[in-house]
Amino acid sequence: MREKGQIYNCPVDAVRMDSIRQLRLKKILCSAVIGIAALACGQDCGCAAPQAMSADVSTIAGNVAHANVDASLYLDYAAGMKAGVYRWLKSEDGTYYTLVFTDEKGQPVPGRETKINVGANNEERRPEGLPPMDGKAVPHLGGFPGGEQQGAVYQGVYMNANVTNLANQTMLIYVPAAYLKTDKAGNFIGIDHESVVGSYTADTAPIVYLNECGGWRSSSPRAVDTDYIKEGMVYVTAGARSRDAVDANGIHTGKAPTQMADLKSGIIALRANAAVLPGDKERIISVGTSGGGQMSSILGASGDMKEYYPFLYESGALGVTKNADGSYESAYPDHIYAAQMYCPIADIENADLAYAWWWVDLADKGGTYKGTLTAFDKRLQELSAEAFVGYLNGLKLKDGSGKALTLTGLRSGSYYDAVLQNISAALNAMAANSGFDIAEAYPDSAAWLRKESDGSFRVTDMAGFMVGTGLVSKRNKAIPGFDPMDKSAENDAFGLPEKDRVHFSRSVARILADNYEELSKLDGFDATAVENYIAEALKGNEAAIAEEQTKLLNATHILLGTDGLTAVHPAKYWRHRSGTADQHTSFSIGYNICLAAAAKGLNTDYHLVWDMEHGSREGTSTGTFIDWIKSICQ
């Protein structure tokens, strides 16, 4: 039975706040957003609206209207099960259990599963095979764990207590059925510590922690991928508010780094409830694709960093408290064991420089976005590519042997050679694992592909590779593309909660400011757009807030210790997979994260996958995610 006065059911989200009130949520807390008057909540709840704050980290820590749930019931899963709020639901085939939220009759409450947005124009993009870039048949080797999601999606357990968007603040926990003990009626009575599934027990099973923040959009819990269950792993699909999360008042509730506040809240909840949840809480392995790959990288880089505690506190994470002196503490660690990144859209404030460097010499070879490239676009691309050279060299990256990786020009230097080697390795791995005939597939490739004396092939020219494989015609972004002139991309992930979109790329803004006179004379120059870009990204309170937000979500910089942030307890293991047919982001982005992790002394597994597009269908040519998990969890 539920305890008197507790919430019976909450299958709602922020667009139905009236329903939340009707369901006896204890109080509505209102707070001010920076630069505007304090908001009166209009409810007899005894809350006081806080004063406007200065531009520091606390400025962006969730200053929006929200509703509290009782942490002693909803974040204590044992108490929730005892009260009938949660129960373990057995799958129809009897192979796994799901911890679900229940209604007054004890029935699981249906959840809401949103689509993955990782492709061009935010459409779902998870190809069944590896489509050829140039019309040649390239085999799809299979082997990626499923994507085969089974069963209905229910409302899961709460991750934190301050709820603005229910669909994004719960998680679904799936465990092999053998790990749980139940009575004759099917009620949970404990964890079975002896049963073995695959190579694991309930105490040793790694926990796969999936986020679906593709396109930097909000994640909602998804159906189970049974490939993990069959291996004996615990599988968790976590929600997270991001750029598209808005409450009933039109206030953005997912501004960065809210994604981390929610995902870290889930990690904390798993540890806090270890007594009733199977799985090794020191073997939590995050995984995500595209924007989700970015979030996985931050989970890996930012373990136990106190800079995130204000945001965890605002979100109502379990055990995070604020002291009288304004400092914060957490009763539970939020670090993870390993991070899997598929084509991460990361280093977002410098991603446009990397993208420009990738496409800089292709403007006259079909490398345009939607068939157009004005004189202004072309020159901005050239300037951005040149700026990337300086930015990359400033990172002071090294390869595994300690050799400095630098650019001596746009298409020269040890870093450029290393990127070509990564592409070559992907091609040779595909041939070695599938019998794919490289010479037959690319007969007219002398300008970019060379056969070595040992029979392997070497990619010798970036532009030639992109033209020769057909990638050049599939350009996905304008210049700039992550922070475009019209603010149509990830711009709504940053800035103040009450503002829809802002410019955030300081690197692009500096180029525009430093070269204003030259650029202003070119066809396609829009003075109003350029001046607005410069002002928003470089000047004033909003620019300072956006800068802080991007710093908190930059795994490369955190691992390298730049931007004033230093990794405290980073993930021990890192794995990256992007495709050589990925037109969404430069190959350099994921590579730099892994180089930064290696520089920190962490174990890295970096590979490109030949002809894989933007997504996670990696096949087996460079191993599989599941096999990697097994190798690091012996």
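- For the atom pair S220 OG and M171 CE, the distance stands at 14.5 Å (nearest 0.5 Å).
- The pair D262-R241 meets the salt-bridge criterion, since a charged nitrogen lies less than 4.0 angstrom from a carboxylate oxygen.
- Across all their heavy atoms, L75 and N160 have their closest contact at CD2-N, 3.7 Å.
- Interatomic distance, T258 OG1 to N165 CG, rounded to the nearest 0.5 Å: 9.5 Å.
- For Y179 and W88, the gap between ring centers reaches or exceeds 6.0 Å.
- Y228 and Y235 have their aromatic ring centers within a separation under 6.0 angstrom.
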Carefully, step by step, assess D492 and R501 under the rule salt bridge (Lys or Arg N to Asp or Glu O under 4.0 Å). CA-CA 4 Å; D492 49 354; R501 298 171 179 273; 3.6 Å; yes
Go through the steps for E231 and K630 under the test salt bridge (Lys or Arg N to Asp or Glu O under 4.0 Å), then give the verdict. CA-CA 9 Å; E231 294 289 345; K630 292 178 181 179; 3.0 Å; yes
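- Annotation for Q294 and S297: closest pair O-OG, 2.6 Å, computed over non-hydrogen atoms.
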Quiz: residues 565-572 side-chain donor-acceptor pairs under 3.5 angstrom, not counting sequence neighbours:
unit_1	atom_1	unit_2	atom_2	d
H569	ND1	D304	OD2	3.1
H569	ND1	H335	ND1	3.1

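- Residues S218 and N168 come closest through the heavy atom pair CB-ND2, 3.6 Å.
- For Y337 and Y573, the distance between ring centers is under 6.0 angstrom.
- Aromatic ring pairs are classed by plane angle as parallel below 30°, tilted from 30° to 60° and perpendicular above 60°; the pair Y158 and Y74 is perpendicular.
- Between F625 and Y342, the two ring planes are perpendicular [angle over 60°; tilted spans 30° to 60°].
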Run Y328 and Y309 through ring-ring contact (aromatic ring centres under 6.0 Å, His included) and show every step you take. CA-CA 6 Å; Y328 297 84; Y309 288 178; 7.7 Å; no
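- A distance of 6.0 Å separates CD1 in I285 from CH2 in W628, rounded to the nearest 0.5 Å.
- Annotation: side chain to side chain donor-acceptor pair (under 3.5 Å) contacts of E490 (sequence neighbours excluded): none.
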